[in-house]
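Below: the structure, in structure tokens.
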Amino acid sequence: MIGARSGALTGLRRLVANALARDLRGFVVPGMDVAWANGLDLAGTGLHLATTPRHASVLVIIGPLPAGLADAASVAHAQMPRPRAILALEAGDLAPLPAADATGALTQAGLVAALADLRRTIANGAFGSGAREYSAPALETRIEYTCPMHPEVVSDQPGNCPKCGMTLVPRETAAPLSHAGHAMPDMSDGVTAETPPDPVAATHQHGAHHPSGDTKTMVEDTHAGHGHDHAKQTDASAQYTCPMHPEVTSDQPGSCRKCGMFLVPVEDKDAHAGHGHTQTDHSALGSHSDHSAHGGHSGHGAHGGAEVAGIEAHFMSMVDLTRDMPASADGLKMEWIDVPFGPFFPGLPGGLELELTLDGDAVAAAKAESGVSAVNLLREAATSPEAFIDQLAALSPLSPVAYRELACRALEQAAGQNPASDTASARAAAVERERIASHLNWLAGFGTQSGLHWLERRAAGLQLELRHADARGIAALTPRTTALLRRLHRTPLLHDKLNGNGKHADGDALSGPVARAAGSTSDARSDNPVYGALGFGVLTGTGGDARARLTQRTGEIAQSLGLIARAGQIAMPEVQNIGSVSGKGEAIVETPRGAAQLRLTLTGGKVTQAEISTPTAALVALIGAMARGRELGDAMTAIGSLDISPWELTA
Amino acid sequence: MTIQMFFLAFFGGAAVWFGIVVFRTHSMVRSALALLFSQTAVGLMFLAMQAEFLGVLQIMMMATEMSVMAIFMVMFMMDPGGMGAMEMTHQKRLSLWAGGLGVVAALAAIWLANWGPAVAEVPSAAEQTADLGRELLGRSMFIFQSAGLTILTAMVAATMVAIAPQKERPE
Amino acid sequence: MSFELMIALSVGAAMFGTGLYGALSQTNLVMIIMGVELVLAAALVNLVAFWRYLHPDEPAAQMFVLIIMAVMAVEMTVGFGIAIARFRSRGSVEMEEARELKG
Amino acid sequence: MTVLVVLLALAAGAYLIAILESWAVHGRLEPARPAISALALLGRESVLARTPDRLFFEAGPILLLVAGLLAAAVIPLAPGLIVTDLATGALFLNAALAYVLVALIMAGWGPNGAYGMIGGWRFLGQFIAYAMLIVMPITAVAMRAESLSTVTIVQSQAALWNIAYQPLGFVLFVVAAMGLAWLPPLDLPTAPGDLAGGVEAEYTGVRLAVLRLARMVLILALAGATVTFYLGGWLGPWLPAPVWSALKILIVAGLMVSAGRLVPRVREARYLELSWKLGIPLALANIFIVGVIALVVPI
């Protein structure tokens, strides 16, 4: 076993190995919501789920590992203590990760079988000679020395900081991707090389932390997380250019598009360079608060270096230090730290890379990217309709049926066919079933995030049974579902926690439960005759905060259960023989997260051109405004209540 | 009596040592927690001197007070991690002289004065606590209540001073 | 002239010296407050030593110790209140820069 | 001798509480589960963060264990079965429990990780919320017993348990105790939802085992304190004294561990607000009521 601990398997170690085999702690990549969406009941198999790779012994990879998550997965694997193993369910090649110790099909049976032989491998191989050092491109580090007070002063060997005379501190930085070991231009206000956005280095300047040292795995896209340029004395029209690519210029600080390094003011030399610091926030009495360290500062640069009467030579003025630091809501200038809430965060959708700038434990700024967004829709120029439908469904594992229905409708419109009314209502019932499953999936994630284990267990269990049940099966499950929803709304302190949390300005591009919870009546199903026949009416809420979204989604679950009961039978959407027809087709379907629109052109029976618009981009745009100024727990609840599917975020 | 002497010397030494560490260490949180353990050592000295209620009170209060102080140190110090080995002092010679003179004067006063015979027996802990209670709510009621009131006014005043004035709070 | 009294008072004296050195040599207001806390702790030690070895049946001494603990709490509270206010206006609590205390 | 018995009782109690907790979380009652996971923890590599503050990283869990043991030292399991019967036992319990805060700040600061640090300082804010609500109910209990010694407190409840005498104090004390042992819904320092393990995230292997054991001992000590102050310690009609106190401690600890999971995690600002605006006035009212009853009704 590659992840074993070195040492022979003696008597006691055999006992411990058996205990390790029976006490598996799984860390799920890309996320629990993908596992539930694929119908895997991980908790049922006796596998405990760890919230951080540090407490995990098995890296469970579900489905093909997207390229965007390869680095994060390798960092997660490096953080797991030995003996560690990898369980891959139809994950294909795991490039930066070592070979999987156990593989299986992406079904419950496949999972149970894979777990069984993983337990055997661990029982025999937990301690052994098979252990090998693990390294991956994301983990390579280069030792460099920097001054904790002036992160911009970087040198490759120890010494003293030219600005303040402090001893330089060793710091590991990710080796620059393109050209390893290029000499760091030691400009007076040079830009720090790509240091991993370690959330902590700035905090108390213990020296940069290797990315893997951090708790949550973070995709480190190697921009200096905490160095930001302040042209202190330059006027607004200063030009900024990248030290490595002079042709890249812009008029405000930012990172160079070519290599991600921070842009440097062109002419002004004594602008004091970025300094990172973390800060404390002041809730209530200012009693509890994160802590702040004041990073670099310009020393005597500010007042021309003349000795101020009475101040001793080595004295460092704190006033310059805090002059242009961002002030928190109560006027105190403290340090902010950029903390990535990585792609595998418990409670957040799997694959969503959230980067919060924390002011103490309040959020000062938030931005989100997706590590799993689908790169391009059409793999090759012309694909057959069936292949196109499967590709589109595979792009979004969280709601495949809705996108399958979208593709079928667009193809039928392009081919001029329209399906019989009962198959249309059966297909609509399939989409509604998936809406119920998707909302239950979100509820389970909400239970993980807010600590309601009973909600997580029951919602996930219901979702697994309901996702593939037929109409009669769903009718049998309806009483249990409504009982769960009623108990959820009677949970004490739940509405108090969600009230007024995550309010957003009603953007027009919004659609789906989030928009309807804020009072909008936009629903792609309202002008669809099939739904009209099933007696569908748009469900809207008021308030537009996390509580309204919870009520909206539970209301939609009940509504969809009624629609399926009235539709009677459920059929998966597929397309009859298209033949060699050509034409343009367009369709819009209400996915569980909002209206998705597809335009495609059919030439000679093959799909030649297709473009899709999904609701997630509008949801991600809300994150920044919604999380700003809120306490960390509130911000996470608000972001979780948006139910963002990073898979649909087209790059 | 020798056991008490040993414990007194041991806890006293610990208190003074942690007191020195407070100003020698570069990491601010270590300095705050060094003060915490110095005060705890003082509390243990009270226990060694059979002042049980005061010792337990000191240990309890100081743990929390110094933790709050730790957070303030981290808020207001330039380099709380202590990595840069920054020199945060000024007028070192003057203060060294002042401290030294202070110690010498105090020691001289202690060793030269004649304190009179030491009293051996001490009332039991329960009696002490009961007497203290009666003292606080009897003869020294006024002093005790005024101390309580002072703490209240200090809390209110400090909060007023600390809260950002309305006009300056950037919305 | 019991020997324990001498030990306790010497410990008090040593802590007093350390606290005084700290309060005078540090540049940051917060460290100065810590120095003062050490001096107050020294006062506490002396008080309890006097109570234990000279007047064990006198509860007033113990009450006085409680008052000193109250003083420690008040001193810290007000000290940090001022530190926050000063930090908000000046951006620094370094005593070196406290030349002009106006405004 | 009594120290050995108390330590054995603590070990057995910790094991039973571990079973109760895994039952509350996973919904399955597996008696062997804690033994296996403890052995597995000891088998795992004990990883050290890259640039930790080594002293705090190592001292945190140990100080937490010491705080739990010291708190358990003043809890009477039977008339003679107490490690040290201090005259100021109740206050000593609270003094020992104050070091839980110091241990968590050390554990949070040590590994130099953002989540651990935020978790550690969050617990300082949580302390400000529960601190007063632990001391004031103890004052009311001591008023009735006219002594701070835990043995006297238990003996003072011979006629009527304190849970009936001062129910308000009981409720406030239990909620504050759950805050002190950061049991859900007040598990802010290790909030799995928004801090991914927070304070204990960076601990693996043996250190994590010590941290988890320390938490179990802390929960037991708090349950023992609740039983001593409010449920009449070892007093009980038929069964022998140690059986009564063991039974009561297990029931209270089981309730504390599982009852809180029905409520979502409470936000820290909300907990501070509830404690200071609602809890402290109630605690003062409780002291006043107990004072009046103690003067008027001579039980």
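Here is the naming used below: chain letters follow the sequence lines, and residue numbers restart at 1 for every chain.
At a 4.5 Å heavy-atom cutoff, A/R84 makes no contact with chain D through either its backbone or its side chain. Only the backbone of D/Y203 comes within contact range of chain A, with heavy atoms under 4.5 Å apart. Looking at D/P192, both its backbone and its side chain come within 4.5 Å of chain A, counting heavy atoms on both sides. The part of A/R457 that comes within reach of chain D is its side chain, from C-beta onward, which places non-hydrogen atoms under 4.5 angstrom from that chain. For a residue to count as touching a neighbouring chain, one of its non-hydrogen atoms must lie under 4.5 Å from one of that chain's; by this rule A/R22 touches chain D with backbone and side chain alike. Residue A/L12: no heavy atom, backbone or side chain, is found under 4.5 Å from chain D. Contacts between D/L262 and chain A at a heavy-atom distance below 4.5 Å involve backbone atoms as well as side-chain atoms. Contact of A/D496 with chain D is made through the side chain alone, with heavy-atom distances under 4.5 Å. Both the backbone and the side chain of D/E200 have a heavy atom closer than 4.5 Å to some heavy atom of chain A. For D/A35, no part lies near chain A; criterion is any non-hydrogen pair under 4.5 Å. Using a 4.5 Å cut-off between heavy atoms, D/R270 contacts chain A through its side chain alone, with no backbone atom that close. Heavy atoms of A/F127 lying under 4.5 Å from chain D belong exclusively to its side chain.
When each of D/D187, D/V47, D/L188 is scored by its heavy-atom pairs under 4.5 Å with chain A, the top score falls to D/V47. For chain D, the option among A/Q449, A/R487, A/R82 with the highest count of heavy-atom pairs below 4.5 Å is A/R82. Residue with the most contacts toward chain A among D/R261, D/H26, D/R28, D/E30: D/H26 (heavy-atom pairs, distance under 4.5 Å).
Summarising the geometry of A/M32 relative to A/L42, their closest heavy-atom pair is SD-CD1, 3.6 Å, with the distance given to 0.1 Å. Contact between A/R25 and A/H55 at its shortest, heavy atoms only, is CB-O, 3.4 Å.
Defined by atom type and a distance below 3.5 Å, a donor-acceptor pair is missing between the side-chain atoms of D/R44 and D/T204.
Between A/L354 and A/M636 there is a side-chain heavy-atom pair separated by less than 4.5 Å.
Qualifying ring pair (Phe, Tyr, Trp, His ring centres under 6.0 Å) partners for D/F173, counting only residues two or more places apart in sequence or in other chains: D/F229, D/Y230.
The only member of A/L632, A/L358, A/T357, A/D361 that meets side chain to side chain contact (heavy atoms under 4.5 Å, CB included) when paired with A/V339 is A/L358.
Cation-pi geometry between D/R33 and D/W23 is not satisfied (NZ or CZ under 6.0 Å from the ring centre, within 45° of the ring normal).
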query = Passes salt bridge (charged side-chain N to carboxylate O under 4.0 Å, His left out), D/E273 versus D/R267? Steps please.
reply = CA-CA 10 Å; D/E273 192 185 338; D/R267 257 194 12 242; 5.6 Å; no
